[in-house]
Amino acid sequence: MNLRWFVRKGILFFPVSIIGWIISIACIAFCVYLFIDIDSRSHSVSDTLINFVFMALLVAVVYSIIGYFTSDEKTINK
Amino acid sequence: MDEKEFINKMDNLRKPGFENNPPDNTLKLVILNSKRSAAIGVWFLAVPLYFLLMVFMKYYFNVNLHVIDIFEDFISSFDRSPATKFITPLFFIGLPIIGIAINLLSIMFFEYDKKQRRINISIKLKPINIILIIGSFAIVSIFILYLIAENLHH
């Protein structure tokens, strides 16, 4: 099955189909929820940011794995 | 051997040609795309690297501002439950190992020579992929050494 939901530019995967956009928006919405949740429990701005970055990285890893398997690229290395 | 005979012998010498060494024009198909593998490798390396950086900042500089408490609670919450115990090693050892495998497969070419019964392995020198492999290997080594040292201590 040849899925083409994302296109890779550098280390980022950008959505090119409706499903890709849905996944991207869901990830952004989840990150916003995480930020609000972490901010409500944190003691300072740096506390919020340090914890949020780690959670955002985990979301980015999952997003990149989806992007990796659903981006259409040839396997011939130039 | 006189001079004439020597010149004749030199004239009849076979000139070396290229017929035995054809140019390497075979299309080498890799298992994975190198640029895409490098992209995912960066993300796989980012998680354990960030964790190491935060822990290093806390314990090396000895500044305890409760900044990474939620972060540490989150990590240790996985260890408390047997169902989610595998997640922490997956993040810090599993992801870099997958990164190493993906990047290695993207720069290595395998070719089976039937006549001579051997496998030719060639590695394409792609700096980004090689840096990611070395970085991932270093991260895995640090965590494994930590685990060994921790278990020996107890």
Side-chain angles (χ1 to χ4, degrees), chain A residues 1-16 20 23-24 27-28 30-78, chain B residues 27-55 57-58 63-75 78 87-88 90-92 94-96 98-99 102-103 105-109 122-126 128-129 132:
Chain A
M1 194 163 65
N2 194 12
L3 298 171
R4 201 174 183 275
W5 296 348
F6 295 91
V7 66
R8 186 189 61 79
K9 279 176 189 167
I11 61 164
L12 302 172
F13 292 90
F14 293 98
V16 286
I23 293 168
S24 301
C27 284
I28 293 165
F30 187 61
C31 283
V32 171
Y33 164 75
L34 281 175
F35 185 84
I36 294 164
D37 181 49
I38 290 167
D39 192 41
S40 67
R41 288 185 286 151
S42 62
H43 308 284
S44 62
V45 176
S46 55
D47 191 6
T48 306
L49 289 175
I50 285 171
N51 290 293
F52 170 72
V53 168
F54 180 71
M55 300 302 285
L57 270 177
L58 294 182
V59 175
V61 167
V62 175
Y63 177 82
S64 298
I65 291 169
I66 297 168
Y68 180 81
F69 285 110
T70 57
S71 62
D72 187 28
E73 250 178 292
K74 303 279 182 294
T75 54
I76 298 168
N77 288 337
K78 288 172 187 171
Chain B
L27 182 68
K28 288 184 172 176
L29 289 172
V30 286
I31 298 163
L32 298 167
N33 182 288
S34 66
K35 285 179 183 171
R36 201 165 57 155
S37 301
I40 198 83
V42 169
W43 290 111
F44 283 172
L45 195 61
V47 176
L49 204 63
Y50 182 76
F51 177 76
L52 271 184
L53 192 71
M54 290 298 110
V55 171
M57 278 174 69
K58 183 178 176 180
V63 180
N64 194 5
L65 298 171
H66 305 286
V67 168
I68 60 168
D69 284 0
I70 297 173
F71 178 67
E72 280 185 326
D73 282 349
F74 173 73
I75 295 293
F78 288 128
I87 292 176
T88 314
L90 182 77
F91 282 154
F92 302 125
L95 287 182
I98 295 168
I102 287 173
N103 279 290
L105 287 173
S106 68
I107 58 169
M108 288 175 84
F109 306 97
S122 52
I123 299 170
K124 195 160 191 173
L125 296 174
K126 297 237 172 190
I128 298 169
N129 294 87
L132 282 168

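These numbers come from a predicted model, not from an experiment. Numbered from 1 within each chain, the chains take letters A, B, ... in sequence-line order. Computed from heavy atoms alone, side chains included, the values below leave out hydrogens, waters and symmetry copies.
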**Message:** If I compare all heavy atoms of A/Ser71 with all of B/Arg36, which pair ends up nearest, and what's the gap?
**Reply:** O-NH1, 2.5 Å
**Request:** Rounded to the nearest 0.5 Å, what's the gap from CD1 on B/Ile40 to CZ on A/Phe69? Could you check?
**Result:** 7.5 Å
**Request:** Could you go through the side chain to side chain contact (heavy atoms under 4.5 Å, CB included) check for B/Phe91 and A/Val61 one step at a time?
**Result:** CA-CA 10 Å; B/Phe91 282 154; A/Val61 167; over 6 Å; no
**Segment of A/Leu49 engaging chain B (4.5 angstrom heavy-atom cut-off)** = backbone
**Message:** Taking atom CD1 as the centre, does B/Ile128 end up with more than 12 heavy-atom neighbours from other residues, nucleotides or ligands that are less than 6.0 angstrom away?
**Reply:** no
**Asked** Does CZ belonging to A/Phe14 count more than 12 external heavy atoms closer than 6.0 Å?
**Response** yes
**Prompt:** Going from CD1 on A/Ile50 to OH on B/Tyr50, what distance comes out if it is rounded to the nearest 0.5 angstrom?
**Reply:** 5.5 Å
**Message:** Taking the side chain as everything from C-beta on, heavy atoms only, tell me whether A/Leu58 gets closer than 4.5 Å to B/Trp43.
**Reply:** no
**Request:** State which residues pass ring-ring contact (aromatic ring centres under 6.0 Å, His included) with A/Tyr63; sequence neighbours excluded, sorted by chain then number.
**Result:** A/Phe6
**Prompt:** Distance-only, no hydrogens or angles: does the A/Tyr68 side chain make a donor-acceptor pair with backbone N or O of B/Ala39 under 3.5 Å?
**Reply:** no
**Asked** What part of B/Val47 is in contact with chain A, defined as an atom under 4.5 angstrom from a non-hydrogen atom: side chain, backbone, both or neither?
**Response** both
**Request:** Tell me, please, which residues at least two apart from A/Phe52 pass ring-ring contact (aromatic ring centres under 6.0 Å, His included).
**Result:** A/Phe35
**Message:** As an exercise, state the distance from CE of B/Met54 to CG of A/Asn51, rounded to the nearest 0.5 Å.
**Reply:** 9.5 Å
